[in-house]
Amino acid sequence: MAHELIYMDNSATSPVDEEVLKEMLPYFNEKFGNASTLYRLGVDAKKALDKARQQVADLINADVDEITFTSGGTESDNMAIKGVALSEIQKATDKNPRNHIITTTIEHPAVLETCKFLEKFGFEVTYLPVDEDGLISLDDLENAIKESTILITIMHSNNEIGTIQPTKEIGEIARKHNVLFHSDAVQSAGKIPVDVKDQNIDILSLSGHKINGPKGIGAIYIKKGVRFEVFMHGGGQEKGLRSGTENMPGIVGLGKAAELARENLETRMQHNKEIRDALIEKVTSQIKDAYVNGSLEKRLPNNVHFRFSGIEGESLILRLDNEGIDGATGSACSTHDLKGSHVLAAIGVKPALSHGSLRLSIGPENSIDDVDYIVASIKKVVDYLRELSPLWDN
Amino acid sequence: MAHELIYMDNSATSPVDEEVLKEMLPYFNEKFGNASTLYRLGVDAKKALDKARQQVADLINADVDEITFTSGGTESDNMAIKGVALSEIQKATDKNPRNHIITTTIEHPAVLETCKFLEKFGFEVTYLPVDEDGLISLDDLENAIKESTILITIMHSNNEIGTIQPTKEIGEIARKHNVLFHSDAVQSAGKIPVDVKDQNIDILSLSGHKINGPKGIGAIYIKKGVRFEVFMHGGGQEKGLRSGTENMPGIVGLGKAAELARENLETRMQHNKEIRDALIEKVTSQIKDAYVNGSLEKRLPNNVHFRFSGIEGESLILRLDNEGIDGATGSACSTHDLKGSHVLAAIGVKPALSHGSLRLSIGPENSIDDVDYIVASIKKVVDYLRELSPLWDN
Amino acid sequence: MQYSDKVVDHYTNPRNTGVIKNPDGEGTVGNPVCGDIMTIYIKVDDDNKLSDVKFSTFGCGAAIATSSMITEMAIGMDVDEAYHITRNDVADELDGLPPIKLHCSNLAADALQAAIENYREKKEKGEL
Ligand SMILES: Cc1ncc(COP(=O)(O)O)c(C=O)c1O
Ligand SMILES: Cc1ncc(COP(=O)(O)O)c(C=O)c1O
Ligand code: FES
Ligand code: FES
């Protein structure tokens, strides 16, 4: 490898922070008690659980008893949408169907596939389009609401192109029409201010491993009073909302990661923005036919998303790996099913161009000092692949 | 505390084995890659995933691609039952309803509550009774099967009283009638031989933290060819069967724990049995009015379950904690909802007696040398509480 | 379920346990929900004060702790005053109880009242 690893795929997953791991370790084989048991080991677990719940609540300005732990962002999304759908369907009558859900075309598959599943069982789903920046139109949203609408599920920010939606305004519209609003904040939590009260959010998903916490743990915020059908049935843990023996090391780790994310939010945003803007500036000025996907203003501070004409993403990623840089692509060739990014398609990027896309997502371990090396490497690889490409006029 | 902690609640949860934790550690912040990504970090993750899958498959004699990782035993149970139910309901017609499930009255809540949930949505569930040992009758089972039966879900062994069901025979009946058979083997896996081929099991649940692996991770075995509706929708991980970023440390830990459980099965069974039998012999001979709940022959080697007349379980557990011994009880007073153990009720233990129950579940860290101290402590506590009790004739 | 330190102290080291032989009053109450049973025995001195209070209880940690607590509170108290000790007084004195246990295992006040009523009955009948 030409260089020490520069990991820039933090939106896919991120390393567990040293401090976080340190907090987790005792819970594997010293304080390994089950929070539901009576003896002291159990009481200790219960205390740790309550502390972590508070830490997560604080990150998004929720009340502590509005937080439920799950196995990750995917479960939170499934639980949110199915929880509302199955609860509302029980209130439905022939005259009042209560089976309509509004979402967008650029959601994470955890939301999209859940919606498609519900369509098989009689739910109707509206997929709002987005503009070339990846933003929905608030008018579209308001027009889509009808009598039978029970839920609006629109992501806080997008995992591919980093576009931040007008969450507060979406929430206002939802409240006005008495419809619940779920926001998938897996990419936003810990990266930009997320405030469920100010932003009018009823239900919110977040995930540990996106904020330098552990994998396999996440949380869902459910505003007090929201009716909700259980997704994971069993022993009645988490006040009956989410059964299963509590993943104590994971929960403690998520709590600590949330605390660190909140304490360092401003500095991290600053740090990410600086690297992001330098990358954008240098890549677009130094490499021909390089464009940025997604909004430049309403953008996550840690997200850069380029497209380069004439090349294909999988080979780009593999060659960058050889340079010691880890990134992601929306190229069809890199996916299980050879379908290209639905997000890039939704913002109108032509398939040929969406192939040559590169996402670099920044984490606390990245440094501004690496930017020049990164840009030079991208240039080297892009130039090389273009030379190889019949689509590129050398 | 009078004594170093003797943890005897291994059926509730168990400490992570040192070797297991050692295998897990690199996956938090060195090999933290996402198994779906292209670069080397991702390729390493993929390899580790495959290895762990093989380790789990070997524990239950499954093929490697029949294993799917979940967030625990509860999720595996939910996924199994809902997966079959929702898949079959799509094949149903008015003439052929395909909506009947057979289970028992002594299942874990993860199974029972899932069945109750399905009843709300038009499924019919038969709850087979058990005899005083906790065993179902194979005749009852066969008689309960009808045209519309899609699934038999009967636990491999019981988490409270340790009774082992005749799984192989249940599976034979299921095959004969062309009905799927799910077995909740959360308490059996790693404790007694579990062999999905020999025991005719189509779907099986297991959980990491019951076998000295980590919490928040489990697995489900689904026999090749079984039709299955997805429970957790999203990015299509685990061949589309279970979405969500893979919990790599958890998966690696479960794999290692499964390997150790398999390698040491015979020795651990021997070790557990020795302690179990000594406890049973000494407690019933040294303490007045002390009885064993559940079958003496068809019993998990690591399970002891007593009942003592005249005393209440929560106070028993709390005082034993003061003696440095951690156990569990089926007493109503120890639960969130003040309902007593449904398992003890099902085997015909009267509420007053089920109150005074004590489960000790043995793990590899327990020693035969502790038995005398344990028995003396139980005797001391039982005597004390009986002296306090208006129900005991001193 | 989390118990306060005081609850823990009282179920670990319950005070005034046992039976008073020939008590001046005796009261037993039971909880139909979970089947716990509590008996309180009292002795009353010439100044109408509770000179001794003892209990026996079948029940959870909270049941034992509330029984124990009320005996400490009641000893030395005027009988009529002790009669007005409420479940809440006992819970407060123990720095609170888990919500689910508040109404279930907090029978001590009822048992003490039953014992005092038994004492008054006996007195009226001239049995004392
Ligand atoms: C926007 C978004 N939602 C949901 C998820 C799913 O989260 P997890 O991988 O923790 O299940 C992800 C990440 O994969 C994501 O980026
Ligand atoms: C028989 C049985 N099934 C299922 C479960 C649930 O497993 P988990 O706690 O891993 O969700 C347990 C343990 O709690 C169990 O004993
Ligand atoms: S170019 Fe090979 S899969 Fe697309
Ligand atoms: S005795 Fe049953 S809850 Fe206290």
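Naming convention: chains lettered A, B, ... in sequence-line order (proteins, then strands); numbering from 1 in each chain. All values below were derived from every heavy atom in this structure, side-chain atoms included, with hydrogens, water molecules and symmetry-related copies excluded.
Closest non-hydrogen pair, B:Y384 versus C:T17, comes out as OH-CG2, 4.3 Å. Here the closest heavy-atom approach between residue C:G59 and residue B:S315 is recorded as O-OG, 2.8 Å. Minimum interatomic distance between C:A62 and B:E314 (heavy atoms only, all atoms of both residues): N-OE2, 4.2 Å.
With rounding to the nearest 0.5 Å, the separation of CE in C:M38 from CG in B:L388 is 10.0 Å. For the atom pair C:T57 OG1 and B:I311 CD1, the distance stands at 14.0 Å (nearest 0.5 Å). For the atom pair C:I64 CD1 and B:R319 CZ, the distance stands at 7.0 Å (nearest 0.5 Å). Between atom CG of residue C:D36 and atom NE2 of residue B:H355 there is a gap of 7.0 Å, rounded to the nearest 0.5 Å. One distance of note links CG of B:N322 with OH of C:Y11; it measures 6.5 Å at 0.5 Å rounding.
If you measure heavy-atom distances from B:P390 to chain C, the contacts under 4.5 Å come from both the backbone and the side chain. Residue contact with chain B, scored on non-hydrogen atoms closer than 4.5 Å, involves the backbone and the side chain of C:P14 alike. For C:A65, no part sits under 4.5 Å from any heavy atom of chain B, backbone or side chain. For a residue to count as touching a neighbouring chain, one of its non-hydrogen atoms must lie under 4.5 Å from one of that chain's; by this rule C:I37 touches chain B with backbone and side chain alike.
For CD of C:E72, the number of neighbouring non-hydrogen atoms (other residues, nucleotides, ligands) closer than 6.0 Å is greater than 12.
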